[in-house]
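Chain letters run A, B, ... following the sequence lines, proteins first and then strands; every chain starts at 1. Keep in mind it's a predicted model, so treat the numbers as computed, not measured.
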Number of protein chains: 2
Amino acid sequence: MSEVKEILKKKNLRVTPMRLQILDLMFHASAAVSQKSIEAKLKDFDRITLYRTLKSFEEKGIIHKIEDGTGLNKYAMCADCDEHHHHDEHVHFNCNKCGDTFCLEDMEPPSFVNKTKHQIEQFNIVLKGTCEMCLN
Amino acid sequence: MSEVKEILKKKNLRVTPMRLQILDLMFHASAAVSQKSIEAKLKDFDRITLYRTLKSFEEKGIIHKIEDGTGLNKYAMCADCDEHHHHDEHVHFNCNKCGDTFCLEDMEPPSFVNKTKHQIEQFNIVLKGTCEMCLN
DNA sequence: CTGTGTGCAAAGGGTTTGCAAGTAC
DNA sequence: GTACTTGCAAACCCTTTGCACACAG
């Protein structure tokens, strides 16, 4: 709990019980979390405020949004992002069976040689398949 | 107009004016089209029916949905899809300036060597940047 | 004390469902 | 004629906005 407290202070966000619990939940999650799953676990907090909380976390570079194609936006802690730039150009993986989404920090993103006439600046890659847990 | 008529017949969908016009629009579009842009061009048709039309086209493998990260879902004709399988594993490109999205049919998708413990089966790649038109 | 954060109510937007009338074949 | 398709109304869900109260610093 004290780690996440430090994160909030470092980003000049006020330390409130709601923020602590949300951030703690994400800090210890093994997969990216959807807003829905946060609501389910933290029932007593207001759903609308949760939108604002996630938005401010995202703006400060504490978390990043993952569009994994399931329709549900998910969020995960940023490894090295800040309010100026999101370094979220790593590969994401979404399991077709359990629906969980992970950041594949260890996987090298492919270099896109610019064969098209368009100028490539960023990219978003989501791999899909069966995750380690569901394979066994 | 006769090409799209053949497509509908081949997929066992009834040939109606609405379907012809929607499909014709997508057939001749240079970029993927959003539902909003279809509504703008085909004002006289019912918005709700358009949802169902796009859904049935997608289910029959005539078009595929592209989630380009703009929030607006877009659709493009499938090169070689059918009701059993979508071969939409080509790379997509989204322009930050004009917002247009293209299928990069010519770009070879990278082969993902399975370095993770998860089993990779499909992928979704969206490149972002500035398109040819906006560069000039 | 001051400004930020929270909760509630309401509004907004996109999407889906139900049903009767219309139309392709 | 029959089954599919359409249009309209209403419902549903997710997300945003406005505002008064509560609370962190």
Worksheet entry | Separation of atom CD in B:Glu39 from atom P in C:dG13, rounded to whole Å | 13 Å

Worksheet item: Atom CZ in B:Arg19, atom OG1 in B:Thr49: separation rounded to 0.5 Å?
Response: 10.0 Å

Discussion item. Can you tell me if B:Thr49 touches the phosphate of D:dT5, counting only side-chain N or O atoms and a distance under 4.0 Å to OP1 or OP2?
Written reply: no

Practice prompt. Quick one: do A:His92 and A:Leu104 satisfy side-chain contact (heavy atoms from CB on, under 4.5 Å)? Show the steps, please.
Written response: CA-CA 6 Å; A:His92 291 118; A:Leu104 302 186; over 6 Å; no

Fill in: CG-CE distance between B:Asp46 and B:Met18, expressed to the nearest 0.5 angstrom
6.5 Å

Worksheet item: What is the distance from OH of B:Tyr75 to P of C:dG14, rounded to the nearest Å?
Response: 13 Å

Fill in: For atom CG of A:Asn73 and atom P of D:dC14, their distance in whole Å
12 Å

Fill in: Between D:dT5 (P) and B:Leu20 (CG): distance, integer Å
13 Å

Worksheet item: Is any side-chain nitrogen or oxygen of A:Lys36 closer than 4.0 Å to OP1 or OP2 of D:dC14?
Response: yes

Worksheet, complete the sentence: Here the distance between atom P of C:dG5 and atom CG of A:Leu54, to the nearest Å, is 14 Å

Worksheet item: Can you tell me how far the NZ atom of A:Lys74 sits from the SG atom of A:Cys103, to the nearest 0.5 Å?
Response: 11.0 Å

Practice prompt. Mind calculating the distance between CG (B:Asp44) and P (D:dG7) to the nearest angstrom?
Written response: 10 Å

Worksheet item: Under 3.5 Å, side chain of B:Lys43 to main-chain N/O of B:Ala40, donor-acceptor pair present?
Response: yes

Worksheet item: At what angle, to 10 degrees, do the two end axes of the helix from C:dC1-D:dG25 to C:dC25-D:dG1 meet, given five pairs define each axis?
Response: 40°

Worksheet item: So how far is it from B:Ile62 CD1 to B:Leu8 CG, rounded to the nearest 0.5 Å?
Response: 5.5 Å

Discussion item. Return the CD1 to OH distance between A:Ile38 and A:Tyr75, rounded to the nearest 0.5 Å.
Written reply: 8.0 Å

Practice prompt. Only counting residues at least two apart or in another chain, list the ones meeting salt bridge (Lys or Arg N to Asp or Glu O under 4.0 Å) with B:Glu39.
Written response: B:Arg47

Item to complete: Rounded to the nearest angstrom, tell me the gap between atom CG in A:Leu50 and atom P in D:dT16.
Response: 11 Å

Worksheet entry | Rounded distance (nearest 0.5 Å) linking atom OG of A:Ser34 with atom CD1 of A:Ile66 | 11.0 Å

Fill in: Integer-rounded Å distance: C:dG14 P and B:Leu72 CG
8 Å

Item to complete: Sugar-phosphate atoms are those with a prime plus P, OP1 and OP2; base atoms are the rest. Using that split, label each nucleotide of nucleotides 16-25 of chain C B, S or - for protein heavy atoms under 4.0 Å, 5' to 3'.
Response: BBBB----BS

Worksheet entry | Touch class at under 4.0 angstrom, heavy-atom based, for A:Thr53 against every strand present | sugar-phosphate

